[in-house]
2 protein chains.
Amino acid sequence: MPEDRTTRAVIRDEALRLFAVHGPDVVTVRQIATAAGVSPGLVVHHFRSKDGLRQEVDQYVITVFEGMLSELTGESGPELLDESAAAARSLGEVFLRHLPVGSPLPGYLRRLLLSDTEAGRGLFRRLYAMSRETLDDLAESGAAARGGDPQVRAALLLVNDLSVFLLRDQLTGVLGVDPLSAAGLARWGPELLSIYAGGLNATPQAQQAEGGQA
Amino acid sequence: MPEDRTTRAVIRDEALRLFAVHGPDVVTVRQIATAAGVSPGLVVHHFRSKDGLRQEVDQYVITVFEGMLSELTGESGPELLDESAAAARSLGEVFLRHLPVGSPLPGYLRRLLLSDTEAGRGLFRRLYAMSRETLDDLAESGAAARGGDPQVRAALLLVNDLSVFLLRDQLTGVLGVDPLSAAGLARWGPELLSIYAGGLNATPQAQQAEGGQA
DNA sequence: CAGCAGACTAAACGCTCGTTCAATCGCCTG
DNA sequence: CAGGCGATTGAACGAGCGTTTAGTCTGCTG
């Protein structure tokens, strides 16, 4: 290990973890302090207030997430030519590639998107803009049509993607597998691609065209 | 009006409204009492505790929702023959048909589904079972294929439907129209049906086949 | 008409919350 | 080595919470 995290970072990480699971309204400063192994006063000393801590965690999470997304927009590498790979760029795969299992980040982002805060709205607008760009790219490459209402189609593709991790726990309950795990994505991805490729009536033969990659 | 609501019902309805918007953890007994025009003590007198009130509102909301759903499962009327109508049976349309505008019920159900409670899990399992039955019906009538993984396909169709009202506010923000309003559904429904009918590459001509009903 | 039962209120209780404050510790600087 | 400064703590404060309690009012019942 290069160097230990500062106490400030420990508090921030424990707050992130607890906020993601239980929500910032329910988690108390004393719980965060105990989890970080410090006194409640020190939390306020470092972050000015509980709300200041929440804002800093918000900013931290968004920054980390933006870093993950920059892979999708920044790299204009050769893999852009693979149409099915482009369509398969779900948030689930992004998480799986960048985060360790059990990371609290997806849960925190979920809360943020559902929270009716300016940070949440900004995050959603950002994702929507990305979705619109992706749809445009797909349309130009001929991989997908813009549809009769491109704004709605882009929104539809986005929220379909988001629903997987908004309802992650519920899906794990009924399917018996975490849809954001490697095993879960292996089942979810092909089914989604099948519908996107040919609709609900696509024949199984037609679906074999998208099963190639590992 | 046939008869006035009892004070007990007024308290329950105000709690439902406040819980739907702000969440049960944030709303206080005093807020509910003020909204209902009574004293805090009376709330506890009628419902034993705040948690008792929350449980009763849970049960009430689920009961009302089940009543709305019974239209879909109970009636085996002539409209079942219309394939596109069957595919279009979204929760949004159910809400639009049964609830007044501004009803707090969708918001409350949203909280319930995301809440990690037994009531929420039961509700989701119920919806998942309905989705599986619907997919089976569609498959037998030839309107849709079961897909390579019917369990995942049914879950996918369900969460795609749920995502519209989980992210209702965010969608209203970027689209400028409430997706659960009549105007919003008029834009959302055709786009979704288009994808379900032929995938992302369906030609506009093929989409005209599903634009008939008002 | 006596009396009971339920609806309802005002006040208070105990608790936990976020936050403050004074004091201590350890380290770097001059 | 003197001195200051940030990190850290334990105790305390005031506010707001859910809940309790004692009491009043009202309408029904015998």
Side-chain angles (χ1 to χ4, degrees), chain A residues 1-61 104 108 111-112 115-119, chain B residues 1-61 104 108 111-112 115-119:
Chain A
M1 55 198 79
E3 53 181 338
D4 277 359
R5 289 176 307 173
T6 73
T7 301
R8 198 172 188 280
V10 171
I11 296 172
R12 190 238 295 134
D13 290 348
E14 289 301 318
L16 164 49
R17 186 177 60 83
L18 289 169
F19 286 168
V21 179
H22 304 104
D25 294 327
V26 177
V27 174
T28 70
V29 172
R30 284 170 173 82
Q31 285 178 268
I32 298 168
T34 300
V38 300
S39 68
L42 190 61
V43 175
V44 177
H45 170 72
H46 277 302
F47 299 92
R48 217 170 53 84
S49 69
K50 180 186 177 182
D51 195 67
L53 171 57
R54 210 213 68 246
Q55 285 177 238
E56 178 138 338
V57 177
D58 278 2
Q59 197 51 56
Y60 174 73
V61 165
Y108 198 94
R111 299 238 170 228
L112 217 45
S115 69
D116 189 36
T117 61
E118 196 46 50
Chain B
M1 58 197 78
E3 52 181 340
D4 276 359
R5 289 176 305 173
T6 69
T7 301
R8 197 172 189 280
V10 171
I11 296 172
R12 191 238 294 134
D13 290 348
E14 289 301 320
L16 164 49
R17 186 177 60 82
L18 289 169
F19 285 168
V21 179
H22 304 104
D25 294 327
V26 176
V27 174
T28 70
V29 172
R30 283 168 175 84
Q31 283 179 268
I32 299 168
T34 300
V38 300
S39 69
L42 190 61
V43 175
V44 177
H45 171 72
H46 277 303
F47 299 93
R48 220 170 51 83
S49 69
K50 180 186 177 181
D51 196 68
L53 171 58
R54 210 213 67 246
Q55 285 177 239
E56 178 139 338
V57 177
D58 278 2
Q59 196 52 55
Y60 173 74
V61 165
Y108 197 94
R111 298 234 173 231
L112 217 44
S115 68
D116 190 36
T117 63
E118 195 46 49

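Chain identifiers are assigned alphabetically (A, B, ...) following the order of the sequence lines, protein sequences preceding nucleic acid strands; residue numbering begins at 1 within each chain. All values below come from the heavy atoms of this structure, side chains included, with hydrogens, waters and symmetry mates left out.
Enclosure of atom NE2 in B:His22 is not indicated, since only 12 or fewer non-hydrogen atoms of other residues, nucleotides or ligands lie within 6.0 angstrom.
Remark: B:Arg54 fails to qualify as a cation-pi partner of B:Phe47 under the 6.0 Å distance and 45° angle criteria applied to the six-membered ring. Relative to the ring axis of B:Phe19, B:Arg111 does not place its NZ or CZ within 45° and under 6.0 Å from the centre.
Contact check, A:Thr7 against D:dA7: no side-chain N or O comes under 4.0 Å of OP1 or OP2. Listed pair B:His45 / C:dT9 fails the phosphate criterion, with no side-chain N or O lying under 4.0 Å from OP1 or OP2.
With contacts defined as side-chain heavy-atom distances shorter than 4.5 Å, the pair B:Gln55/B:Asp51 qualifies. Contact of the B:Ile32 side chain with the B:Leu53 side chain is registered, since non-hydrogen atoms from C-beta on lie closer than 4.5 Å. Contact of the A:Arg8 side chain with the A:Glu56 side chain is registered, since non-hydrogen atoms from C-beta on lie closer than 4.5 Å.
Across the protein-nucleic acid pair, B:Phe47 atom CZ and C:dA7 atom P stand 11 Å apart, rounded to whole Å. Atom P of nucleotide D:dC5 and atom NE2 of A:His46 are separated by 18 Å, given to the nearest angstrom. If you take CZ of B:Arg48 and P of D:dT19, they are 9 Å apart, rounded to a whole angstrom. Rounded to whole Å, atom C1' of D:dT8 lies 10 Å from atom CD1 of A:Ile11. Protein atom CZ of B:Arg8 is 15 Å distant from nucleotide atom C1' of C:dC8, rounded to whole Å. Atom pair A:Asp25:CG and C:dG18:C1' shows a separation of 13 Å (rounding to whole Å applied). The separation between B:Leu42 atom CG and C:dT9 atom C1' is 9 Å, rounded to whole Å. Rounding to whole angstrom units, NE2 of residue B:His22 and P of D:dC17 are separated by 14 Å.
Here CG of B:Asp13 is found 11.0 Å from CG of B:Leu18. Values are rounded to the nearest 0.5 Å. One distance of note links NE2 of A:His46 with CZ of A:Arg12; it measures 12.0 Å at 0.5 Å rounding. The distance from the CD1 atom of A:Ile11 to the CG atom of A:Leu42 is 4.5 Å, given to the nearest 0.5 Å.
Taking the C1' atoms of five terminal pairs at each end of the helix from C:dC1-D:dG30 to C:dG30-D:dC1, the two resulting helix axes are inclined by 10°, rounded to 10°.
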Contact letters for nucleotides 11-16 of chain C, in which S counts primed atoms plus P, OP1 and OP2 and B counts the base, heavy atoms under 4.0 Å
-B----
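The A:Val29 side chain lies nearest to C:dT19 when the options are C:dA7, C:dT19, D:dT8. Candidate nucleotides C:dT9, D:dT9, D:dT19 were compared by shortest atom distance to the side chain of B:Val38, and C:dT9 ranks first.
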